[in-house]
Amino acid sequence: MPIQKNKLRNRRVFFVTAAIAGMVALSGVETTPVSASSANQTSRLGLIQISAQDASAADSLKKELIANRVELDPSLDAASLNVDASRIDVTGLNRTKAGLQTVSAQVYLGKNDNVTPALSYSFSEKATILVRQENAPQIQLKADSVTVNNGDAWNPFYYISYINDDSKALPAVRVAGNVDMTVDGDYPVRYTAVDLQGNTSEASLTVSVRTPQEVIEAREEAERLAREEAERIAAEEEAARLEQERIERVQEQARIQAAYAAAYSNAAGSATGSAIANAARAWAGVGYYSWGGANPATGADCSGFTQYIFSLYGISLAHNNLAQAAAGYQVSAGEAMPGDIVVWDNHVGIYTGGGYYVSAMSESLGILEIPISASRGSGEYWGIYRIPGVN
């Protein structure tokens, strides 16, 4: 642990009364150089206070003495020193005896470069210390903060380094703070030591719960695979649903087609107009439009649709609206009857009566029954024609 020269010594106080000054002779300093660069120096130390409950009293004294030495010796580079790596040999210290004590200490300084393992500088001190008894119980933690893995077990008592009570009976310890080991975050935990007289002291710990990176990556990968699998299953189910709908549609169309063929078949060249009109009307809203097609079950255009319906009754028509008109003869609107064909120069349909007709309109509309007057985009209206063999 590096130190700084301007750091105040936390627990050093100087004599302020004549009585204490008469009792204590401030210590002199004897320097024991280890390297040629260290020199003899003289210092005067103030009173150093140490708690009787301090389980690391020698370490506390070491920190105080090194801080004082750095202030006195300009040849020392504070940044290069490592207090934790330094060592102290102390005699005359009795932590269980309250009051003033004079101790002798030899301090060996450690360097902070992590390269030179040997201690390169040492000095000796005769220090006056005050060992004080504390009324409250003492509690020390191993650290002020700790990072733990998400999902691990949490034991708050593992982080207690030291507890003590002057009564020689260990104090009770209360722990307050909820640490959720399943949720990443920083959780404050407070420890309270309570003695038999109700005196308390506290210490705080910040617990940082973190999920290891490899766990996060594994979890994200598992979520990605699960998402892709769900998408694959959904796509397969949707494809199966569409295929089932297609099969059912084809089956229904085949059933209708077969029913029409059976119900409306007749001798070649002879059919009732109402039968033809009904057969055409039955495909309205059911059949499909397809350019060049001639089967409403799979798709037919306007002339292909009329060709298909008339073929059910043994009447053969060309797959062309103008050729179909030429195959018959024109009748007036008053003479028109169901089963006639309604012709435009680029469209054709089957008349169903009352001014309506059925035709394969377009891919978006399919096969519809609409008024003749509502037909748009069909070109020039030619009129109504009757096909021979229809009565």
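Since this is a predicted model, take the numbers as computed values, not measurements.
Here the CD atom belonging to Glu237 is positioned 14.0 Å from the CD atom belonging to Gln244, to the nearest 0.5 angstrom. Taken from CZ in Arg224 to CD in Glu229, the straight-line distance is 12.0 Å, to the nearest 0.5 Å. Here the CD1-CD1 distance, from Ile66 to Ile88, works out to 7.5 Å after rounding to the nearest 0.5 Å. Gln140 contributes atom CD, which lies 8.5 Å from atom OG of Ser51 (distance to the nearest 0.5 angstrom).
In the model, Ser303 has no side-chain atom that pairs as donor or acceptor with a side-chain atom of Asn321 under 3.5 Å.
Salt bridge status for Glu245 with Arg241: present, with a side-chain N to carboxylate O gap under 4.0 Å. A salt bridge links Arg69 with Glu125; the closest basic N to acidic carboxylate O contact falls under 4.0 Å. Between Arg210 and Asp184 there is no salt bridge, since no side-chain nitrogen of the basic residue lies less than 4.0 Å from a carboxylate oxygen of the acidic one. Ion pair Arg232/Glu236 flagged as a salt bridge, since at least one NZ, NE, NH1 or NH2 atom sits closer than 4.0 Å to an Asp/Glu carboxylate oxygen. Under a 4.0 Å N-O distance rule, the pair Asp84/Lys62 does not qualify as a salt bridge.
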Open item on the list: As a quick check of understanding, evaluate side-chain contact (heavy atoms from CB on, under 4.5 Å) for Val173 and Ile160, giving each step before the final call.
Closed with: CA-CA 10 Å; Val173 177; Ile160 297 177; 4.0 Å; yes
Open item on the list: Under the criterion side-chain contact (heavy atoms from CB on, under 4.5 Å), I'd like the reasoning laid out for Val103 against Thr91: C-alpha separation, chi angles, the key distance, then a yes or no.
Closed with: CA-CA 6 Å; Val103 300; Thr91 57; over 6 Å; no
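When the side-chain contact (heavy atoms from CB on, under 4.5 Å) test is applied to Ser204, the partners found at least two apart in sequence or on another chain are Arg190. Partners of Met181 according to the side-chain contact (heavy atoms from CB on, under 4.5 Å) rule, which considers only residues two or more places apart in sequence or in another chain, are Val148, Asp152, Trp154, Val179, Val209.
For residues 351-371, the set of pairs meeting the salt bridge (Lys or Arg N to Asp or Glu O under 4.0 Å) definition, not counting sequence neighbours, comprises Arg281-Glu369.
Criterion: ILVMFWY side-chain heavy atoms under 4.5 Å apart, direct or through other members. Under it, Tyr357 and Val343 are not part of a common hydrophobic cluster. Transitive grouping of hydrophobic side chains (ILVMFWY, heavy atoms separated by less than 4.5 Å) brings Trp344 and Met361 into a common cluster.
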